[in-house]
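Since the structure comes first, as structure tokens, the remarks are kept for the end.
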Amino acid sequence: MPSGATLILLDGDLPGLIALATAAERLASDATSVTAGLLNAMFDVTAAGDPARVRAAKAQASRWGVEMARAPIDSMQGHESRSARLLLTLEAAREMNCRTVLWPIWSGRLSPPDQRDIDAISTELDRVELLTRLVGLDAGPTLEAPYADLDHDQLADLAVDLDVPASETWWGRHADEAPAGSEASDAERLRRRWLEALQAAGWRGSPEMTRA
């Protein structure tokens, strides 16, 4: 893999799609840049690894022809903390010659529904800075979290501006892969909340978020 590549962590949600679209647009001046390996993806091991999220993440990467690298799952045994899992991911990224790891964590994953937990967001931004400084001691990649303090409405604006396929998410067309029970309820709740924000931002996609 070329030195200086970017690795995007995907969990099948909309912020990951936005990150992919933004990075691909940044590289658009070189038509071969994505296929040359300057943009790669990996499942975000800090998120729940249910089939809906995994399937959606793979589909998102495929949309941009981006290689889906294998996450260091075996090394995660016994490492349940978010910091430890991110550190192992950063080490894997260093071995892949990646210069940047883009983690699309956002306020909705850090806060109660329709609230913004400022303390939780601040904690994640501190975590990103400290982990970057730690791996930097061994010439490791930079960890970035550009959406950590953004909410549904702000991310929906970005999604519409970038014209991302918003239904290609774990709560959209891949929701039939979600487990029954609370996870299915979460998918429906998120679908309604995202749909409200997307339509307010001018999205013209299917209001049913039709599954494939």
Side-chain angles (χ1 to χ4, degrees), residues 6-31 33-34 38-44 47-48 52-66 68 100-118 120-121 124-125 128 144-178 185-212:
T6 295
L7 179 67
I8 297 178
L9 305 183
L10 300 176
D11 66 352
D13 208 347
L14 189 61
L17 268 178
I18 294 170
L20 273 172
T22 301
E25 187 176 82
R26 189 179 302 148
L27 296 171
S29 59
D30 180 354
S33 58
V34 173
L38 289 179
L39 184 57
N40 294 270
M42 179 184 288
F43 188 76
D44 179 3
R53 287 185 172 89
V54 173
R55 181 181 172 188
K58 290 179 178 177
Q60 290 173 354
S62 180
R63 282 268 183 157
W64 271 269
V66 173
M68 194 75 175
T100 304
V101 175
L102 212 167
W103 184 37
I105 189 77
W106 63 291
S107 66
R109 267 185 63 185
L110 304 172
S111 311
D114 294 317
Q115 298 181 39
R116 185 179 296 191
D117 189 331
I118 301 301
I121 293 169
E124 292 312 311
L125 292 174
V128 167
E144 298 180 359
Y147 313 130
D149 60 347
L150 300 188
D151 59 19
H152 288 88
D153 298 320
Q154 293 166 313
L155 286 164
D157 284 338
L158 285 175
V160 170
D161 288 343
L162 292 164
D163 194 25
V164 301
S167 61
E168 199 72 84
T169 51
W170 76 269
W171 43 264
R173 68 173 69 251
H174 298 283
D176 56 349
E177 295 287 322
S185 299
D186 287 345
E188 184 57 35
R189 176 182 60 79
L190 274 174
R191 184 186 300 109
R192 288 198 302 266
R193 182 63 184 89
W194 276 122
L195 187 57
E196 176 186 330
L198 287 164
Q199 289 178 330
W203 188 61
R204 296 293 179 261
S206 167
E208 290 82 19
M209 288 288 191
T210 305
R211 299 178 181 85

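Quick caveat: nothing in here was measured; it's all calculated off a predicted structure.
For the atom pair His152 NE2 and Leu195 CG, the distance stands at 11.5 Å (nearest 0.5 Å). The CH2 atom of Trp64 lies 10.0 Å from the CG atom of Leu39; values are rounded to the nearest 0.5 Å. Note that CG of Asp13 is 8.0 Å distant from CD of Gln60, once rounded to the nearest 0.5 Å. Expressed to the nearest 0.5 Å, how far CD1 of Ile121 lies from CG of Leu150 amounts to 9.0 Å.
For the pair Leu9 and Phe43, the minimum side-chain heavy-atom distance is 4.5 Å or more. Side-chain contact between Val54 and Trp170 is absent, with no heavy-atom pair separated by less than 4.5 Å. Counting heavy atoms from C-beta on, the side chains of Asp153 and Asp157 never come closer than 4.5 Å. A 4.5 Å side-chain heavy-atom check between Leu155 and Pro15 finds at least one atom pair inside the cut-off. Annotation: side chain of Glu188 is not in contact with side chain of Trp171 (no heavy-atom distance under 4.5 Å). Leu14 is listed as a side-chain neighbour of Leu198, based on a closest heavy-atom distance under 4.5 Å. Within the 4.5 Å cutoff, the side chain of Pro146 has heavy atoms near those of the Leu102 side chain. For the pair Leu10 and Leu20, the minimum side-chain heavy-atom distance is below 4.5 Å.
What you find for Val164 and Ala21 is that their closest heavy atoms are CG1-CB, 3.6 Å. Taking both residues in full, the closest heavy atoms of Pro104 and Ala19 are given as CB-CB, 4.4 Å, listed atom of the first, atom of the second, then distance. When all heavy atoms are compared, the tightest approach of Asp11 to Ala47 is CB-CB, 3.6 Å.
Ring orientation note: the planes of Trp194 and Trp106 are tilted relative to one another, at an angle of 30° to 60°.
Between the side chain of Glu25 and the backbone N or O of Thr22 there is no donor-acceptor pair closer than 3.5 Å. When atom types are taken as modelled, the side chain of Glu168 and the backbone of Ala56 share no donor-acceptor pair closer than 3.5 angstrom. Counting only distance, with no hydrogens or angles, the side chain of Ser167 and the backbone of Gly172 share no donor-acceptor pair below 3.5 Å. Formation of a donor-acceptor pair under 3.5 Å by the Glu124 side chain with backbone atoms of Ala148 is not found in this model.
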Side chain to side chain contact (heavy atoms under 4.5 Å, CB included), that's the test. Do Glu144 and Val128 meet it? Break it down for me. CA-CA 7 Å; Glu144 298 180 359; Val128 167; 5.7 Å; no

Run the numbers on Ile18 and Leu162 for side chain to side chain contact (heavy atoms under 4.5 Å, CB included), then give the verdict. CA-CA 7 Å; Ile18 294 170; Leu162 292 164; 3.8 Å; yes

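In this structure, Glu196 does not pair ionically with Arg192, as no charged nitrogen and carboxylate oxygen lie closer than 4.0 Å.
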